[in-house]
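Step one of this worksheet: look at the structure below.
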Amino acid sequence: MQYTIFHIDVNSAYLSWEATYRLQQQVSCVDLRTIPSIIGGDESKRHGIVLAKSIPAKKYGIKTGESLFSARQKCPSLVIVPPNYKLFMKCSDAMVSIFKEYFPLVERYSVDECFLDYTNMSHHFGSPIQFAHYLKNKIQKELGFTVNIGISSNKLLAKMASDFEKPNKIHTLFPDEIQEKMWSLPVRDLFMVGRATNNKLMKLGIYTIGQLANSDPDLLYAHFKSHGYLIHAYANGTATAIVKPCSPEAKGIGNSTTISFDVTDSRTAKLILLSLTETVCMRLRDSNMIAKMVSISIKSHDFVSLSHQMNLTESTDITSNIYKAACTLFDEAWNKEPIRHLGVRVSSLTSKSYTQLSLFDFDNYEKHTALDESIDKIRLRYGNTSIIRASFLYSGLRPLNGGMPEENYPLMSSLL
DNA sequence: TCTGGGGTCCTAGGACCC
DNA sequence: TCTGGGGTCCTAGGACCC
């Protein structure tokens with residue numbers, strides 16, 4: 001079976017979306033995409049990293065993920081704009097609705113990337129390249145931003161293709177083009193070769209995707225275990241996953257935050273854990289799931305991370321129960337180092353409809369569930385801060401912490 | 001690095017059992 | 001205990017993605 005797969009990637013997504021919005025709202029007549037600019041977090045809250053960059057900013061050597069401090073050193077005139085996640089969701093949704101006009105199968109890989117299956121659609125819409133141009137132009141005309149489209153016979157190659165020259169370009173990377181278009185690239189450009197793997201590969205004398213493709217899989221296994229086989233297959237353009245019709249069930253739900261100051265006392269740390277647990281549990285209840293595993297993570301002021309987890313005796317979605325577990329975990333794990341970052345996550349999720357309640361706990365469960373439900377409803381109607389725990393009063397801390405995506409995206413998997 | 005926040009997947013090592 | 005080996009389960013940490 002020969003597939004035709006599209007991978008759509010919004011060019012500098014956050015930055016393009018903000019630029020488009022500003023032009024449409026006539027906030028400014030400057031197009032952020034044409035000047036050195038970035039979307040960046042708030043340094044005073046210690047969130048100061050580059051989230052997206054314009055092409056002119058890239059020319060200064062500015063990279064996604066680097067600190068704003070270092071970005072500004074590379075380009076003193078850099079324009080820095082805070083992120084507007086609600087806007088980003090809207091733009092993403094608008095793009096997906098365009099795809100859904102034509103494609104029964106839209107796999108939303110992330111907020112700014114989709115896979116589409118064009119197999120057997122040529123007799124309706126023309127050749128893949130023709131239709132990709134039509135789609136790209138339609139998005140630009142109706143929504144105001146540009147995308148790259150990669151076309152191939154599987155998801156991996158389509159994704160690699162969309163990463164070639166940018167912006168506003170269409171590329172193919174069919175199996176017979178792999179040698180010519182992919183093998184000369186640095187191995188770091190291959191999907192699933194990150195910094196650590198890249199460093200190890202370089203020590204083995206493997207610098208290009210072609211060298212990786214032609215190296216001995218057993219040697220790779222010896223150094224990288226199963227990941228070695230994976231990247232060897234990817235370097236050869238082999239991947240088997242199909243475009244998924246809908247989002248897979250989430251495996252876990254977590255929120256974490258970098259605190260604007262170092263936390264040195266457990267009372268403050270636990271308040272922050274509560275604010276994180278509140279959002280985690282709201283999302284958990286919203287997805288109609290219950291969790292058996294609770295984990296916390298702590299990053300200290302000197303960037304040393306640790307985590308700790310426990311299985312509950314029974315799955316739950318009750319805020320106070322999960323918070324209790326988080327506190328126990330924190331007390332066991334914290335080594336009294338000043339804390340920069342805290343996280344709460346639940347996993348081992350099952351559908352709530354299969355809940356089995358122990359007889360002893362039934363009253364308690366009913367009471368807590370009724371409370372959580374009422375709080376969720378009030379927050380939904382009057383806003384998230386309309387009802388907060390008394391312990392947050394005068395604490396100077398946010399009563400709810402962590403982003404809550406309005407829609408759950410299918411999540412990224414290394415298997416393409 | 002003046003270094004975010006949301007995820008998934010894999011593995012080494014320890015506990016426990018036979 | 002001057003002792004084996006194998007299987008399974010759990011945990012913490014680290015790799016990767018956007």
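FYI, side chains are in, hydrogens and waters are out, and symmetry mates aren't considered; it's all heavy atoms of this structure. Just so it is clear, the model here is predicted, and its values are computed rather than measured. Throughout, protein chains are lettered first and strands after them, A, B, ... in sequence-line order, and every chain is numbered starting at 1.
The residue among L276(A) and K225(A) whose nearest nucleotide of DNA chain B lies closer to the 5′ end is L276(A).
Residues forming a ring pair (Phe, Tyr, Trp, His ring centres under 6.0 Å) with Y14(A) (at least two apart in sequence, or on another chain): Y85(A), F88(A). Legend: residues meeting side-chain contact (heavy atoms from CB on, under 4.5 Å) with P167(A), ordered by chain and number and at least two apart, are N11(A), I55(A), T146(A). Checked against side-chain contact (heavy atoms from CB on, under 4.5 Å), N288(A) has the following partners two or more places apart in sequence or in another chain: K352(A). Partners of D163(A) by side-chain contact (heavy atoms from CB on, under 4.5 Å), not counting sequence neighbours, listed by chain and number: K166(A). Here Y323(A) pairs with nothing under the ring pair (Phe, Tyr, Trp, His ring centres under 6.0 Å) rule; sequence neighbours left out. Applying the side-chain contact (heavy atoms from CB on, under 4.5 Å) rule to P128(A) yields the partners T4(A), F6(A), Y118(A), S122(A), I151(A); only residues at least two apart in sequence or on another chain are considered. Here E101(A) pairs with K138(A) under the salt bridge (Lys or Arg N to Asp or Glu O under 4.0 Å) rule; sequence neighbours left out.
The list of salt bridge (charged side-chain N to carboxylate O under 4.0 Å, His left out) pairs with a residue in residues 215-242 of chain A, not counting sequence neighbours, is empty. Pairs passing the salt bridge (charged side-chain N to carboxylate O under 4.0 Å, His left out) check and including a residue from residues 328-351 of chain A, sequence neighbours excluded, read K270(A)-D331(A).
DNA chain B forms stems at B:5-18 with C:5-18, each a run of 3 or more consecutive Watson-Crick or G-U wobble pairs whose two key distances fall under 3.5 Å.
In this model, the phosphate group of dG6(B) is approached by a side-chain N or O of N255(A) to a distance below 4.0 Å at OP1 or OP2.
The CG atom of L342(A) sits 14 Å away from the C1' atom of dG5(B) (whole-angstrom rounding).
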N/O-N/O pairs, protein side and nucleotides 2-4 of chain B side, under 3.5 Å:
{"unit_1": "dG4(B)", "atom_1": "OP1", "unit_2": "R340(A)", "atom_2": "NH2", "d": "2.9"}

Polar atom pairs between nucleotides 12-16 of chain C and protein, under 3.5 Å, N or O only, would you list them?
{"unit_1": "dA12(C)", "atom_1": "OP1", "unit_2": "H308(A)", "atom_2": "ND1", "d": "2.3"}
{"unit_1": "dA12(C)", "atom_1": "OP2", "unit_2": "Q309(A)", "atom_2": "N", "d": "2.8"}
{"unit_1": "dG13(C)", "atom_1": "OP2", "unit_2": "S307(A)", "atom_2": "N", "d": "2.9"}
{"unit_1": "dC16(C)", "atom_1": "OP1", "unit_2": "G194(A)", "atom_2": "N", "d": "3.0"}
{"unit_1": "dC16(C)", "atom_1": "OP1", "unit_2": "G194(A)", "atom_2": "O", "d": "3.2"}
{"unit_1": "dC16(C)", "atom_1": "OP1", "unit_2": "R195(A)", "atom_2": "N", "d": "3.4"}
{"unit_1": "dC16(C)", "atom_1": "OP1", "unit_2": "A196(A)", "atom_2": "N", "d": "3.2"}
{"unit_1": "dC16(C)", "atom_1": "OP1", "unit_2": "T197(A)", "atom_2": "N", "d": "2.7"}
{"unit_1": "dC16(C)", "atom_1": "OP1", "unit_2": "T197(A)", "atom_2": "OG1", "d": "2.9"}
{"unit_1": "dC16(C)", "atom_1": "OP2", "unit_2": "A196(A)", "atom_2": "N", "d": "3.2"}

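Comment: R22(A) engages E18(A) in a salt bridge, judged by a side-chain N to carboxylate O separation of less than 4.0 angstrom.
Classification of dT1(B) as syn follows from a glycosidic angle within 90° of 0.
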